[in-house]
Amino acid sequence: MDLFSINEEVGTGLVLWHPKGTIVRRIIRDYWEEEHLKNGYQLVCTPHIARGELWRVSGHLDYYQQAMYLFEKDKEPYVVKPMNCPFHIQIYKSRPRTYKDLPIRYAEWGTVYRYERSGTLHGLMRVRGFTQDDAHIFCTAEQVDDEILKILDFTEHILQKLGFHKYNVYLSTRDPKQPEKYMGSEEDWKLAQKALAEALERKGIAYHRMPGEAVFYGPKIDIYIVDTSSREWQCSTIQFDFNLPKRFNITYTGPDGKEHEPIMIHRALLGAIERFFAILIEHYKGKLPVWLAPTQVKILPISDKYTPYARKVHEKLQAHRIRSEVDSDSFTISHKIREAEIQKIPFMIICGKREIKLKKVSVRKQGIGNIGIVTIKEFIRNIKSERYR
Ligand SMILES: [Zn+2]
């Protein structure tokens with residue numbers, strides 16, 4: 001499908017997005033950003049590298065160093081970011097916050113780099129450079145229940161739009177017999193675990209409880225999507241963090257005039273975009289829905305004589321931001337149709353003598369065949385209104 005490639009010269013686990021892959025990626029990103037803005041998130045952008053000092057405070061240099069790309073400049077260590085969290089925390093910290101500012105929700109398509117042993121790398125599924133659809137929520141204890149419910153609603157909304165309707169949900173809680181293993185107070189964990197479980201129950205989502213599976217800094221929900229071939233893929237995560245707010249000493253002023261530590265929640269809906277992209281292609285077996293298809297329409301002139309008309313149709317579609325291509329090869333029309341079918345392009349437009357005479361186009365749908373002859377205006381209206389699916 002000519003969507004992406006990976007090559008040795010660039011480095012294993014580093015993805016080159018080709019034009020068609022980039023279009024799909026951009027459509028998903030535009031949609032994602034729009035929806036985040038509608039749902040009370042603020043978009044942020046953060047750098048790819050930062051001083052070692054940042055990662056010393058965050059604890060990554062001590063506990064995560066083997067997975068990080070480190071380098072030195074002016075005798076100072078720098079790190080290529082393996083995570084976006086410390087940057088979002090720094091934006092939070094850029095000015096004093098009060099309870100009236102909360103909740104704050106920062107979202108970013110943040111590209112991170114993690115060293116993975118070369119034996120574990122696998123196509124788009126496991127890579128060294130990837131983009132997370134990341135967000136961090138800072139809120140008060142009173143706001144937690146509502147925030148978790150909102151995140152779950154939002155996750156469902158986004159995943160369903162992208163075509164995923166079946167999930168397996170896991171709630172990882174701490175091991176009550178070993179409280180010393182975890183950061184955060186008894187009260188913190190109670191509040192967080194209750195918020196996660198109750199939100200799932202209120203939404204009627206069946207889930208598996210995984211006692212002792214929580215990481216040391218907080219409980220989490222993992223959502224695995226189930227694709228058309230019944231395989232499950234880890235995708236969304238909602239994760240409390242009782243560690244980083246302390247390390248970076250972030251606070252807000254409460255109604256009592258005192259400083260309090262906000263609750264921090266990490267959240268990714270699609271996970272790593274590279275991986276999600278692979279799941280998406282598998283799920284649809286390469287046949288992406290019209291709104292995601294890199295090429296939505298292939299225009300097929302019956303012979304070279306009709307190529308100028310085909311180009312005119314193409315320009316009209318382009319002006320309406322419909323993604324089309326003209327097949328100007330000198331093959332027979334049946335060959336061109338077969339090619340477009342193999343490329344899984346949702347629509348074909350046939351241009352010949354009859355179409356020019358009627359000032360119309362004949363429309364074919366991938367996998368279906370001929371669906372009628374319409375004016376270009378009608379075609380544009382139908383494809384835009386999603387009457388053509
Ligand atoms: Zn994070």
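Computed from a predicted model, the values in this text were never measured in an experiment. Read the numbers this way: they start at 1 and go in the same order the structure lists the ligands and their atoms.
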Enumerate the protein N/O/S atoms at a distance below 2.8 Å from the Zn ion (ligand 1), ignoring waters.
Cys85 SG, His136 NE2, His266 ND1

Looking only at non-hydrogen atoms, find the nearest pair between Asp145 and Ala195 and report the distance.
OD1-CB, 3.3 Å

Intermediate values then yes/no, side chain to side chain contact (heavy atoms under 4.5 Å, CB included), Ile265 and Gln239
CA-CA 5 Å; Ile265 304 163; Gln239 166 85 62; 5.9 Å; no

Check ion pair Lys190-Asp188 (N to O, under 4.0 angstrom)
no

Please confirm whether the ring centroid of Tyr167 lies under 6.0 Å from the ring centroid of Trp233.
no

Salt bridge check: are Glu315 and Arg311 linked by an N-O gap of less than 4.0 Å?
no

Within the 6.0 Å centroid threshold, strictly below: Tyr92 and His136:
no

